[in-house]
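Only one structure is covered here, and it is reproduced in the block below.
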Amino acid sequence: RNGGYVPAGVNETALSIYLDGPVEGCRWSTIDQEYSLMEWPFICPGVPNSASAYFEDDCSTVLNVTQETNYYYFACIDQDGNYNTENYPFTLVATAPLNIDYVSPSGTLYTDIATLQVQTSSGAESGKAICEYEGIAFFETNSSIHKQNLEDLPTGFYNYDILCQDVAGNQNSTNINFTIDIDLTMPELVSIYKQENSVYFTLDEVASCEYYFEDFSYGSGTDISSLSSSGSFAITEVKEYYLACEDIFGNQGSWIVQV
């Protein structure tokens, strides 16, 4: 189409024009000049041999393309030697390759939620493109930033094929891969003992812990440790304490400690 984009690296493109009547021929040039001086011809069916309401109305050619904005001028001549009083101007815009600058996530995710993200640049419209993962369009796309939320992912390795394409047909592809590692097990006490006026304990994983001298919900107790696999708390004359710990996945364990 007039004003359309041409993919990066293309040096010629096929073109057809459609006319409202039979012609002897059409030509094109990169200079706005009269028909007789135009350098390149279209291939046209010509004027029918007999009078008819039907004729082939298209002429075709191959346009040379440079890596910039390309200007062309078209003109046609009919069977009586009449040609356009004004040439038809036509423009094609060359484009740069489409780049993929950034993708995420990667590595190991300790959650069952992931957001696929892609950032594109250059191309026909400064990175504006449509991106797909495994042939499915991103929920947020048709721009230079592309996002797709994924939920309820089971533990395992994930690899997604990514394909992006802009309006000119420039494409770029990559992969996003990551591992989901979800812990659904609550922290467990490995050891616990009393020494003088304190209780010391060790867990089988890193967690944040609280205690209180009566039953409580995690978040309302007295802080002991934050993201540690061990901790201690001071005791008084009270003989029973409640200990609760939560790991980084939100799994909670609770115990009654008698001293």
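- Within a 6.0 Å radius of CG in L189, more than 12 heavy atoms belonging to other residues, nucleotides or ligands are found.
- A cation-pi contact, defined as under 6.0 Å to the ring centre and within 45° of the axis, is absent between R27 and F42.
- Between the CG atom in N11 and the CG atom in L63 there is a gap of 12.0 Å [rounded to 0.5 Å].
- The OH atom of Y193 lies 9.5 Å from the OG atom of S198; values are rounded to the nearest 0.5 Å.
- No hydrogens or angles considered: a donor-acceptor pair under 3.5 Å links the side chains of N149 and T115.
- Here the two cysteines C59 and C76 have their SG atoms 2.5 angstrom or farther apart.
- Disulfide criterion (SG-SG under 2.5 Å) for C44 and C26: not met.
- Taking the six-membered ring for Trp and thresholds of 30 and 60 degrees, Y133 and Y160 have ring planes more than 60 degrees apart, a perpendicular arrangement.
- Ring orientation note: the planes of F201 and F233 are tilted relative to one another, at an angle of 30° to 60°.
- Counting only N and O atoms by type, the side chains of D58 and S16 include no donor and acceptor under 3.5 Å apart.
- Under the 3.5 Å distance criterion, with hydrogens and angles disregarded, no donor-acceptor pair is assigned to the side chains of Q33 and Y35.
- Without hydrogens or angle criteria, T120 side chain to G127 main chain gives a donor-acceptor distance under 3.5 Å.
- In this structure, the side chain of N170 does not engage the main chain of D166 through any donor-acceptor pair within 3.5 Å.
- E246 and S208 share no side-chain donor-acceptor pair at under 3.5 Å.
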